[in-house]
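Written below as structure tokens is the structure these notes are about.
Computed from a predicted model, the values in this text were never measured in an experiment.
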Number of protein chains: 2
Amino acid sequence: MKDCSRYDLETLPAGDCEEARAARIYAALGHGVRLRILRHLMQQDACCCKEIVSTVDLAQSTVSQHLKVLVQAGLVDYRPERQSSRYSVNAHALATIRTHLSGLEHFAAERNRSASHKCG
Amino acid sequence: MKDCSRYDLETLPAGDCEEARAARIYAALGHGVRLRILRHLMQQDACCCKEIVSTVDLAQSTVSQHLKVLVQAGLVDYRPERQSSRYSVNAHALATIRTHLSGLEHFAAERNRSASHKCG
DNA sequence: ATCGTATATCGCCGATTTACGATGAAAGAT
DNA sequence: ATCTTTCATCGTAAATCGGCGATATACGAT
């Protein structure tokens, strides 16, 4: 349990483990290169690091790190193969974050019930 | 034109201005505190900095910076009021990013047409 | 056993982020 | 005119990020 405590959880008030997880996924998506990697991964079903390196014009070590970020966020699955490795998109994580986003927007819809809020 | 070039665009291949914009929004969402701020903002329609400070247990200057990040990403609208200020969620940006996310997932759906890909 | 390939990891760096307190500006209150 | 409140900005310290080259590991081929 509390698996996502590995990422410190900052000073989250209580049971917002899920929120921290969402933040982590958003953060992983928050880089142009990683978005491109993700998009490429989706086209290819599963592919190795080298191919991604050829797609993105960056050093192999850099790509490897980006992949690590994606894997740790749960957006990408990793399976060490013979001598290459297989990276593939985790559609579930993507669905999770879409749900989270929808939830956020739904929040706004509910807001309409309560009127404006005084402040200051 | 090329308004989002203000964020360097890294080495994006061509006309992925939109992608960079999406990345920026994701990055803004990629922090637990900002997610909480955003959620609070949605409940309140619009509110001032001070109130958010009381919600999140952080220094006022820190909160102000987080709000700035959200504003620069376009997720939050800013309107200086009398002596306080009004921050409110930009629902349009939220919809934009949801569309982007859906597009990403749609990509995966299309993938089913082409078979597996050899690599290495 | 040795070489070549594909990866992950390490060490390093410059840049950015995240936090804070302090300061100053603007506006309401006394 | 003088507080007080609200807020943005500046300066700073610590941490993290994003990139690289170098190195270590694993494995297939020779």
What's the [atom1]-[atom2] distance between [X] and [N], to the nearest Å?
X: Gln72(B); N: dT18(C); atom1: CD; atom2: P; result: 12 Å
X: His66(A); N: dT9(C); atom1: NE2; atom2: C1'; result: 16 Å
X: His31(B); N: dA15(D); atom1: NE2; atom2: C1'; result: 11 Å
X: Leu29(A); N: dC17(D); atom1: CG; atom2: P; result: 15 Å
X: Glu51(A); N: dT7(C); atom1: CD; atom2: C1'; result: 15 Å
X: Leu70(B); N: dA8(D); atom1: CG; atom2: P; result: 12 Å
X: Leu67(B); N: dT17(C); atom1: CG; atom2: C1'; result: 16 Å

Please tell me if [X] has a side-chain N or O lying less than 4.0 Å from either OP1 or OP2 of [N].
X: Tyr87(A); N: dA6(C); result: no
X: Tyr78(A); N: dT7(C); result: no
X: Ser85(A); N: dA6(C); result: no
X: Ser64(B); N: dC7(D); result: no

Under the side chain to side chain contact (heavy atoms under 4.5 Å, CB included) rule, collect the residues that match up with Thr99(A), sequence neighbours excluded.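 For Thr99(A), no residue satisfies side chain to side chain contact (heavy atoms under 4.5 Å, CB included) once neighbours in sequence are set aside.
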Would you please name every residue forming a side chain to side chain contact (heavy atoms under 4.5 Å, CB included) with Val53(B), sequence neighbours left out?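 Listed in chain order: Cys49(B), Gln60(B), Val63(B).
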Tell me, please, which residues at least two apart from Arg82(B) pass salt bridge (charged side-chain N to carboxylate O under 4.0 Å, His left out).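 Not a single residue meets the salt bridge (charged side-chain N to carboxylate O under 4.0 Å, His left out) criterion with Arg82(B).
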Set of side-chain hydrogen bond (donor to acceptor under 3.5 Å, both in side chains) partners for Tyr87(B), sequence neighbours left out: none
Below 3.5 Å between N/O atoms, which protein atoms pair up with nucleotides 20-30 of chain C? Just atom names and distances, please.
| residue | atom | partner | partner atom | Å |
| --- | --- | --- | --- | --- |
| dC20(C) | OP2 | Ala59(B) | N | 2.9 |
| dC20(C) | OP2 | Thr62(B) | OG1 | 2.7 |
| dG21(C) | N7 | Ser61(B) | OG | 3.3 |
| dG21(C) | O6 | Ser61(B) | OG | 3.2 |

Between the two ends of the helix from dA1(C)-dT30(D) to dT30(C)-dA1(D), what is the bend in degrees, rounded to 10 degrees, where each end axis spans five pairs? 10°
Is Glu81(A) salt-bridged to Arg79(A), cutoff N-O under 4.0 Å?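 Answer for the salt bridge query: yes.
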Side-chain ion pair, Glu19(A) and Arg36(B), N-O less than 4.0 Å: no
With no hydrogens and no angle check, just 3.5 Å: does a side-chain donor-acceptor pair link Tyr26(B) and His100(B)? yes
Hey, are the side chains of Val89(B) and Leu75(B) touching, using non-hydrogen atoms and a 4.5 Å cut-off? no
Close side-chain approach of Leu41(B) and Cys47(B), heavy atoms under 4.5 Å: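 A side-chain contact exists here, since the closest heavy-atom pair is under 4.5 Å.
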Options dT18(C), dC7(D), dT7(C), nucleotide nearest the side-chain atoms of Ser84(B):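 Selected nucleotide: dC7(D).
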